[in-house]
Participant: 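Sharing a structure below in structure tokens format, with a few things to ask.
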Amino acid sequence: PHPLATGAVIPDERPLQPSAHVRVPQFWRQMAEKVDADPRPGKVLVLPLDDYYQMPTTWGFFGVDSIANLLIKHPVVTPKPDGYFGDTPGFKAEVTAIETGLVSGDLAGTRSLMDAAGISDVIIRHDLVRGLPARTFADDRVLTSAIARVPGMTREVDGPLELWRVGDGTSPTVRLY
């Protein structure tokens, strides 16, 4: 056998590091199927927003946070700070304001911001490791509690990943001005 192809060249045990071998949990694949089965246009916002381009997960992966982008066919909004590419400043400010409004409890403009950004679905992740030194991403429990109070939001999936529908999801993905 070929160690590079089988992964044998990469060690399972790495001092101070998680294993380099992980499996994407089935709940991520199920979420992608649920989102992609929805014919409505719109983007999928993944919360909490990353505080760094590499995120620690409860299932052993610690690396570039592209799981949603790789599995979901709908446009996925998950900014990656400190990466090589970024969002336009206006769009990034809108997305950040959505999370800030949820975390602070200032929910008045949250739905309008989602509509303006073309968000039709929100995924709240409960599979990130909280409490690590120097990590500052939002608490998923606070996000869940807040989004439940935003008018027009409906929880479709509950579990390690929550799926919330924004209104009827007919907000266009691309807007012309």
Side-chain angles (χ1 to χ4, degrees), residues 25 27-55 57-58 64-83 85-128 130 135-177:
F27 59 77
W28 264 111
R29 297 181 195 289
Q30 290 167 339
M31 179 61 71
E33 288 173 12
K34 178 80 171 172
V35 169
D36 290 334
D38 187 350
R40 301 172 309 151
K43 301 178 188 98
V44 181
L45 173 62
V46 180
L47 296 175
L49 297 176
D50 296 353
D51 64 339
Y52 186 56
Y53 75 99
Q54 296 181 354
M55 296 298 285
T57 67
T58 56
V64 177
D65 190 19
S66 294
I67 302 300
N69 303 77
L70 294 171
L71 295 176
I72 298 172
K73 294 176 186 156
H74 279 67
V76 175
V77 178
T78 177
K80 294 169 185 56
D82 300 325
F85 305 102
D87 294 308
T88 58
F91 186 74
K92 182 177 180 178
E94 259 182 1
V95 170
T96 302
I98 292 168
E99 183 179 79
T100 301
L102 291 169
V103 170
S104 69
D106 183 10
L107 307 177
T110 304
R111 176 64 194 278
S112 297
L113 287 167
M114 288 182 193
D115 289 342
I119 305 297
S120 60
D121 295 308
V122 177
I123 295 173
I124 298 182
R125 300 182 65 171
H126 299 290
D127 69 336
L128 297 175
R130 289 188 302 269
R135 300 309 298 261
T136 58
F137 52 89
D139 188 323
D140 52 295
R141 298 166 297 188
V142 172
L143 292 168
T144 292
S145 174
I147 205 166
R149 298 188 318 269
V150 174
M153 301 298 294
T154 306
R155 183 172 23 204
E156 294 278 322
V157 175
D158 195 4
L161 304 174
E162 290 183 37
L163 177 62
W164 291 83
R165 300 280 189 209
V166 181
D168 61 5
T170 58
S171 182
T173 305
V174 177
R175 294 175 187 267
L176 301 174
Y177 295 95

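The basis for the numbers below is simple: all heavy atoms, side chains too, and nothing from hydrogens, waters or symmetry mates.
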Participant: If you define the side chain from C-beta out and look only at heavy atoms, does anything of D121 sit under 4.5 Å from R40?
Facilitator: yes

Participant: Over all heavy atoms of both residues, which pair between V64 and Q54 is shortest? Give the atoms and the distance, please.
Facilitator: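 Minimum heavy-atom separation between V64 and Q54: N-CG, 3.9 Å.
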
Participant: Quick one, V150 and L102 - any side-chain contact, counting heavy atoms below 4.5 Å?
Facilitator: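 The answer is yes; the side chains approach within 4.5 Å.
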
Participant: As an exercise, state the distance from OG of S112 to CD of E94, rounded to the nearest 0.5 Å.
Facilitator: 10.5 Å

Participant: Could you go step by step and tell me if V46 and I67 meet the side-chain contact (heavy atoms from CB on, under 4.5 Å) rule?
Facilitator: CA-CA 11 Å; V46 180; I67 302 300; over 6 Å; no

Participant: Could you measure the distance from the NE2 atom of H126 to the CG atom of L143? Nearest 0.5 Å is fine.
Facilitator: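 So the gap between those two atoms works out to 8.5 Å.
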
Participant: With sequence neighbours excluded, tell me which residues meet side-chain contact (heavy atoms from CB on, under 4.5 Å) with T96.
Facilitator: L49, K92, T100

Participant: Any chance you could measure W28, atom CH2, to I123, atom CD1, to the nearest 0.5 Å?
Facilitator: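 The CH2 atom of W28 sits 5.0 Å away from the CD1 atom of I123.
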
Participant: Closest heavy-atom contact between I147 and W164?
Facilitator: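 In terms of heavy atoms, the two residues are closest at CG2-CE2, 3.4 Å.
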
Participant: Rounded to the nearest 0.5 Å, how far apart are CZ of R135 and CG of D51?
Facilitator: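 Rounded to the nearest 0.5 Å, the CZ-CG separation comes out at 4.0 Å.
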
Participant: Please identify which of these residues, D140, T78, D65, meets the side chain to side chain donor-acceptor pair (under 3.5 Å) condition with R125.
Facilitator: D65

Participant: Would you check if the side chain of R155 reaches a backbone N or O of E162 as a donor-acceptor pair within less than 3.5 Å?
Facilitator: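 Not confirmed, R155 side chain does not pair with E162 backbone.
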
Participant: In chain order, what residues pass the side-chain contact (heavy atoms from CB on, under 4.5 Å) check against V157, with sequence neighbours excluded?
Facilitator: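 If we apply the side-chain contact (heavy atoms from CB on, under 4.5 Å) test to V157, skipping adjacent residues, the hits are M31, K34, L163.
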
Participant: Mind checking the NZ-CD spacing from K73 to E33? Nearest 0.5 Å is all I need.
Facilitator: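 The CD atom of E33 is 9.0 Å from NZ of K73, to the nearest 0.5 Å.
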
Participant: Tell me every residue that passes side-chain contact (heavy atoms from CB on, under 4.5 Å) with F27, counting only those two or more places apart in sequence or in another chain.
Facilitator: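 Once residues adjacent in sequence are excluded, the partners of F27 under the side-chain contact (heavy atoms from CB on, under 4.5 Å) criterion are P25, Q30, W59, D127, P160, L161.
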
Participant: Kindly indicate whether the side chain of T57, heavy atoms from C-beta on, has any atom under 4.5 Å from the side chain of L128.
Facilitator: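 In contact.
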
Participant: Is a side-chain donor-acceptor pair under 3.5 Å present for S145 with R141?
Facilitator: no

Participant: Hey, does V76 have a side-chain heavy atom less than 4.5 Å from the side chain of V35?
Facilitator: no

Participant: For the residue pair L107 and G101, what are the closest heavy atoms and their distance?
Facilitator: CD2-O, 3.6 Å

Participant: Does H74 reach the main-chain N or O of D38 with its side chain, forming a donor-acceptor pair under 3.5 Å?
Facilitator: yes

Participant: Nearest 0.5 angstrom please: T144 OG1 to L47 CG, how far?
Facilitator: 9.5 Å

